[in-house]
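For this chain, numbers begin at 1 and follow the sequence in order. Note: hydrogens, waters and symmetry copies are ignored here, and every other heavy atom, side chains too, is used. Just so it is clear, the structure is predicted and the values come from calculations on it, not from any experiment.
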Amino acid sequence: SDEESQEELVYESKNELMDHEHSDEESQEEMVDEAKNGLMENKHALNEESQEDFEVQATDERPVRKSKDNSIDERLWNVLCDIVEGLAYCRKEQPYFHRSIYRHAQALLWAPILYNSKGALEGSRGIIPVQKGSQLPGLNSGNCAECAGPVISTLFSKKRAQLCAVWVTTPVSPTPFEVINSSGRKYNRLRCKYIGAFIECMRLCEKSDQLKTFLKSCNASSRDLPSFYDVTVSKSERLPPRLHSKDNLLHPNVGVVFFAKKYANSTLSLILLDLLSKNGNENKRAVANKIFDGMYKCFLRLNCPVTNNLWLSQKSRQLFENGLIAEADALCKAYQHLYAGEHENTSRLSFSQMSWEQKISSLRSAVQEGSNISVTIDNGNDTVRSNRRKRKASPVEDLLILKKKKTRGSIEKYN
């Protein structure tokens with residue numbers, strides 16, 4: 001009996017242990033299920049909140065679009081704003097950091113395409129909404145090209161011998177990279193890059209006055225070494241025969257100054273041609289004559305008159321016939337636009353359809369008309385200046401004039 005009772009106790013204890021283990025496993029499974037359900041509920045709630053926040057931001061900035069382009073354009077715009085802010089900060093730390101000015105202007109010109117890559121039909125002349133434009137330093141409510149103009153113009157704000165605000169500084173112990181950067185060829189190439197960017201930006205902005213000022217600074221600067229070497233070798237002389245401001249721009253030449261003069265002069269003639277096409281009314285003939293006079297002066301800056309034999313050379317004939325001499329091409333088109341029908345020798349054909357003989361004849365007539373208009377405008381300016389000088393006479397001079405008139409009248413009465 002004792003053995004049977006012990007066996008029953010052992011069996012009951014085993015059953016109790018088995019029941020306890022089974023209950024522990026069930027409780028653990030219930031706890032795991034509860035934790036999983038809680039995590040799923042929290043994740044669902046977070047997804048709903050983030051979706052609501054994204055919809056609110058999208059409705060604040062742009063209309064909601066169910067495509068991936070919206071997020072990509074938004075990220076590109078944020079990256080652009082960060083880059084431009086960094087460039088502006090670099091100039092606060094280092095005012096002579098010229099590369100940041102060039103890249104800042106370039107970023108403003110690219111802003112319409114980065115804002116809307118599919119709808120940027122106007123290119124750099126596009127307009128960005130005020131809400132987005134306020135995030136980009138240097139961008140206001142106008143078109144992006146006009147905003148980039150003042151940025152790149154800071155390199156050309158003053159008359160300098162090197163034309164733009166770029167200097168070469170060589171330390172006492174330069175690194176190999178600094179030795180390469182201080183070479184004359186790299187320095188001239190950097191200046192040409194900035195000058196070309198400035199001229200193109202002025203063309204987009206249609207700023208003819210700044211280009212005229214830049215041409216004056218080019219004429220006032222000294223001849224650079226590549227141009228000096230080219231002129232002295234070609235002429236077989238020790239010194240150049242004339243100033244570089246009198247050089248013929250149709251002759252092949254080298255140098256930064258020659259590149260700047262030729263590029264700026266041709267761009268100025270194209271800007272004036274665009275302004276003339278926008279003017280277009282006969283009631284504004286006085287304004288049109290001033291524009292035509294400016295184009296005539298652009299042609300005179302070539303320092304190659306129509307009587308020069310260079311126009312008869314085969315290369316010049318090909319360039320002029322293909323419209324690659326911008327000053328002559330613009331002057332002839334303006335002459336045909338303004339004075340078509342007034343003169344018998346004016347052809348009714350478009351300028352692109354003319355032969356070389358017709359084009360050179362039209363150029364001679366345009367030059368003659370330009371000289372006549374220039375004389376009349378100069379005479380009108382002289383009369384205006386004389387009137388201003390009379391108005392600016394001092395009170396003492398006015399009293400002396402009155403006294404002279406009185407004495408002359410009394411002498412005449414006495415006689």
Side-chain angles (χ1 to χ4, degrees), residues 84 86-109 124 137-140 142 144-171 178 181-228 243-247 249 253-272 294 297-298 300-301 303:
V84 175
L87 293 173
Y89 180 77
C90 288
R91 288 200 298 279
K92 290 181 182 178
E93 296 292 325
Q94 185 70 27
Y96 299 105
F97 189 40
H98 50 83
R99 288 185 176 87
S100 67
I101 298 174
Y102 175 76
R103 295 299 178 188
H104 189 177
Q106 192 178 37
L108 293 179
L109 291 173
S124 298
L139 193 65
N140 52 27
C144 295
E146 291 182 354
C147 299
V151 177
I152 194 68
S153 296
T154 54
L155 293 172
F156 304 89
S157 58
K158 297 179 181 179
K159 288 184 178 180
R160 295 181 175 91
Q162 71 274 21
L163 300 180
C164 61
V166 181
W167 294 270
V168 177
T169 56
T170 306
E178 290 174 343
N181 280 335
S182 63
S183 63
R185 184 176 294 179
K186 187 174 180 63
Y187 175 64
N188 291 335
R189 183 61 185 164
L190 184 67
R191 287 196 295 160
C192 288
K193 183 176 75 171
Y194 291 164
I195 290 168
F198 169 72
I199 293 171
E200 284 294 330
C201 196
M202 293 301 105
R203 183 181 178 182
L204 289 173
C205 302
E206 295 182 350
K207 302 283 181 148
S208 58
D209 294 335
Q210 294 192 13
L211 283 180
K212 291 177 183 177
T213 306
F214 179 70
L215 282 169
K216 289 179 181 178
S217 62
C218 289
N219 291 327
S221 63
S222 58
R223 188 189 293 273
D224 48 7
L225 289 177
S227 176
F228 182 85
L243 297 173
H244 69 84
S245 59
K246 303 294 183 182
D247 287 345
L249 296 183
N253 205 332
V254 293
V256 179
V257 179
F258 177 79
F259 162 77
K261 287 192 300 180
K262 191 170 183 178
Y263 196 16
N265 195 41
S266 61
T267 305
L268 180 60
S269 63
L270 294 176
I271 291 173
L272 294 174
K297 289 178 180 177
C298 288
L300 292 180
R301 289 192 197 98
N303 296 318

Would you say the side chain of Ser217 lies within less than 4.5 Å of the side chain of Lys158, judging by non-hydrogen atoms? no
Listed by chain and number, what are the salt bridge (Lys or Arg N to Asp or Glu O under 4.0 Å) partners of Glu206, not counting sequence neighbours? Lys278
Please determine whether the number of non-hydrogen atoms from other residues, nucleotides or ligands lying under 6.0 Å from atom NZ of Lys186 exceeds 12. no
Does Thr213 reach the main-chain N or O of Asp209 with its side chain, forming a donor-acceptor pair under 3.5 Å? yes
Any chance you could lay out the side-chain contact (heavy atoms from CB on, under 4.5 Å) test for Leu211 and Leu215, step after step, and finish with the verdict? CA-CA 6 Å; Leu211 283 180; Leu215 282 169; 5.5 Å; no
In Å and rounded to the nearest 0.5 Å, what is the CG to NZ distance from Asn265 to Lys212? 11.5 Å
For Phe97 and Arg91, which heavy atoms make the closest approach, and how far apart are they? O-CG, 4.2 Å
Does any N or O in the side chain of Asn140 come within less than 3.5 Å of the main-chain N or O of Cys147, such that one atom is a donor and the other an acceptor? no
What is the minimum heavy-atom distance between Val254 and Pro226, and which atoms define it? CG2-O, 3.4 Å
Nearest heavy-atom approach of Ala264 to Phe214 is CB-CD2, 4.0 Å
Begin with the C-alpha distance, continue with both residues' side-chain angles, and end with the deciding distance and a verdict on side-chain contact (heavy atoms from CB on, under 4.5 Å) for Leu272 and Cys298. CA-CA 10 Å; Leu272 294 174; Cys298 288; 4.3 Å; yes
Could you walk me through whether Asn253 and Phe259 pass the side-chain contact (heavy atoms from CB on, under 4.5 Å) test, one step at a time? CA-CA 8 Å; Asn253 205 332; Phe259 162 77; over 6 Å; no
Do side-chain atoms of Lys261 reach the backbone of His244 as a donor and acceptor pair under 3.5 angstrom? yes
Candidate list Leu190, Ile195, Leu225, test side-chain contact (heavy atoms from CB on, under 4.5 Å), partner Val256, passing option: Ile195
Under the salt bridge (Lys or Arg N to Asp or Glu O under 4.0 Å) test, residues paired with Lys207 that sit two or more places apart: none
Determine the minimum heavy-atom distance between Ala105 and Val151, stating which atoms define it. N-CG1, 4.0 Å
Does His98 have any ring-ring contact (aromatic ring centres under 6.0 Å, His included) partners at least two apart in sequence or in another chain, and if so, which? Tyr194
Apply the test side-chain contact (heavy atoms from CB on, under 4.5 Å) to residues Phe156 and Gln210: give CA-CA distance (whole Å), side-chain angles for both, the deciding distance (0.1 Å), then the verdict. CA-CA 9 Å; Phe156 304 89; Gln210 294 192 13; over 6 Å; no
Does the side chain of Asn188 come under 3.5 Å of the side chain of Arg191 through a donor N or O and an acceptor N or O? yes
